[in-house]
Amino acid sequence: MSLWKRTTVVAVYAVTALAMAACGSVPGSDGPKQPSVLELLATDLKGSLQKTIDATEKSDSVTLTMQGTADTEKISARGVIDLGDPVKVEMTTALPDGTQGTVRMIGAVFFVEIPAEDRAGMGGKRWMKLDLTAAGEQAGMNLTKQFEDVDPTKQVKTLLATEGVTVVGEETVNGARTVHYTVTAPVAAHLKHLDAKMRSGVEQQFAKQGVKEIKIDLWVDEQYRPRRVGMVMGKMGDLTIDYTDYGKPVNIQTPPAAETADFAEMMKGLSDLSTGN
């Protein structure tokens with residue numbers, strides 16, 4: 001796989017991963033039994049989903065594991081998210097050719113690790129920088145906005161704003177007791193957080209694939225934290241993300257400038273060469 005294609009594939013996989021996170025009853029017998037958190041999760045949907053958003057927004061970090069399909073191709077990734085400001089992500093993705101790619105996201109800037117065998121041809125650079133802010137300006141869209149909700153609250157907010165959410169029941173996810181919610185939402189409801197111009201384009205892609213609805217599943221634990229999110233997007237694919245290790249220290253740094261090549265500058269250089277400038 002060429003360096004250019006690999007860089008694009010890793011970035012797309014990362015975007016896909018990012019565009020797509022106990023408390024019992026009070027003891028004692030003198031008063032009425034208080035409902036457990038699991039009981040509240042199952043009965044107070046709106047209140048519980050809002051508490052889930054509040055609890056998750058207080059988290060400093062989380063580990064995610066992703067599995068799914070996109071246009072019939074399997075995708076998988078594992079990484080960590082620093083939920084500070086700006087949001088930082090580091091993920092390792094499995095690529096179609098059997099290799100792995102590492103990508104970091106600092107705010108709206110992606111850094112794709114260049115394979116060791118290709119670095120000599122890149123002046124020894126280890127990272128390729130892709131600035132989504134600049135790319136968005138060229139395309140007339142606000143791409144930065146698309147990644148502000150990369151944290152696990154994104155799907156919770158979607159459920160909170162969607163009518164028809166139902167409780168499937170109590171289930172155990174990776175050893176944690178959870179309550180499972182589900183809803184099937186129109187594409188427009190799921191995409192309303194996107195920039196208007198991008199939303200129109202994405203809606204057209206869904207329409208071409210005959211996708212009118214998106215099924216969302218959410219599993220929330222006894223500490224009001226998302227433990228699993230699942231999405232089914234018709235023929236376009238499906239995605240399952242498991243969230244673990246909330247609050248575990250992470251250290252995601254912007255790669256040193258001396259080790260980084262700028263994708264936009266390289267493209268500009270190639271364009272200048274082709275036009276004789």
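The structure presented is a predicted model; accordingly, all values stated were derived computationally and were not measured.
- For the residue pair Leu160 and Lys46, the shortest heavy atom distance occurs at O-NZ, 2.8 Å.
- Residues meeting the side chain to side chain contact (heavy atoms under 4.5 Å, CB included) test with Val173, sequence neighbours left out: Thr178, Trp219, Arg227, Arg228.
- To the nearest 0.5 Å, atom CE of residue Met66 and atom CG of residue Leu239 are 5.5 Å apart.
- The shortest heavy-atom contact between Lys125 and Arg119 is O-CG, 3.1 Å.
- Val87 and Phe111 fall into different hydrophobic clusters, where Ile, Leu, Val, Met, Phe, Trp and Tyr side chains are chained together by heavy-atom contacts under 4.5 Å.
- Proximity of a side-chain donor or acceptor of Glu259 to a complementary backbone N or O of Pro256 within less than 3.5 Å is not detected.
- Taking the salt bridge (charged side-chain N to carboxylate O under 4.0 Å, His left out) definition, one finds that Arg177 meets it with Glu170, Glu222, sequence neighbours left out.
- For the 3.5 Å distance criterion, the side chains of Ser61 and Asp82 fail to qualify, holding no donor opposite an acceptor.
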Should Asp131 and Val109 be marked as a side-chain contact (heavy atoms from CB on, under 4.5 Å) after you check the CA-CA gap, both sets of side-chain angles, and the distance that decides it? CA-CA 4 Å; Asp131 189 334; Val109 181; 4.0 Å; yes
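- In this structure, the side chains of Trp127 and Arg104 come closer than 4.5 Å at one or more pairs of heavy atoms.
- Contact record, Thr93 with Ala77: CG2-CB, 3.8 Å, taken as the closest heavy-atom pair.
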Report the C-alpha separation of Leu159 and Leu45 in whole Å, then their side-chain angles, then the decisive distance to 0.1 Å, and conclude whether the side-chain contact (heavy atoms from CB on, under 4.5 Å) test is met. CA-CA 10 Å; Leu159 263 69; Leu45 271 67; over 6 Å; no
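- Side-chain N or O atoms of Tyr246 include one that pairs as donor or acceptor with a backbone N or O of Pro226 at under 3.5 Å.
- When each of Thr63, Asp60, Leu64 is checked for a side-chain contact (heavy atoms from CB on, under 4.5 Å) with Ile81, only Leu64 meets the rule.
- A donor and an acceptor atom, one from each side chain of Arg78 and Thr92, are nowhere located under 3.5 Å apart.
- Across every non-hydrogen atom of Asp238 and Thr69, the tightest pair is OD2-OG1, 2.6 Å.
- Contact between Tyr224 and Ala55 at its shortest, heavy atoms only, is O-CB, 3.5 Å.
- Note that CD1 of Ile241 and CE of Met231 are 5.5 Å apart. Values are rounded to the nearest 0.5 Å.
- For the pair Val80 and Ile252, the minimum side-chain heavy-atom distance is below 4.5 Å.
- Atoms CG and OG1, from Leu83 and Thr56 in turn, are 8.5 Å apart once rounded to the nearest 0.5 Å.
- Summarising the geometry, atom CE belonging to Met122 is positioned 10.5 Å from atom OG1 belonging to Thr260; distances are rounded to the nearest 0.5 Å.
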Test side-chain contact (heavy atoms from CB on, under 4.5 Å) on Ile214 and Phe206; report intermediate values, then the result. CA-CA 10 Å; Ile214 298 176; Phe206 275 107; 4.0 Å; yes
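- Atom-to-atom distance recorded for Asp242:CG and Asn174:CG is 4.5 Å, nearest 0.5 angstrom.
- Interatomic distance, His180 NE2 to Thr166 OG1, rounded to the nearest 0.5 Å: 8.0 Å.
- Here the side chains of Val167 and Tyr181 are in contact, with some heavy-atom distance below 4.5 Å.
- The closest donor-acceptor contact from the side chain of Ser48 to the backbone of Leu40 lies under 3.5 Å.
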Stepwise, does the side-chain contact (heavy atoms from CB on, under 4.5 Å) test hold for Ile216 with Thr162? CA-CA 11 Å; Ile216 304 173; Thr162 304; over 6 Å; no
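- Every residue two or more places apart in sequence or in another chain was checked for a salt bridge (charged side-chain N to carboxylate O under 4.0 Å, His left out) with Lys248, and none qualifies.
- In this structure, Met233 and Val211 approach most closely via the heavy-atom pair O-CG2, 3.3 Å.
- No chain of hydrophobic side-chain contacts below 4.5 Å, direct or via other Ile, Leu, Val, Met, Phe, Trp or Tyr residues, connects Ile106 to Val62.
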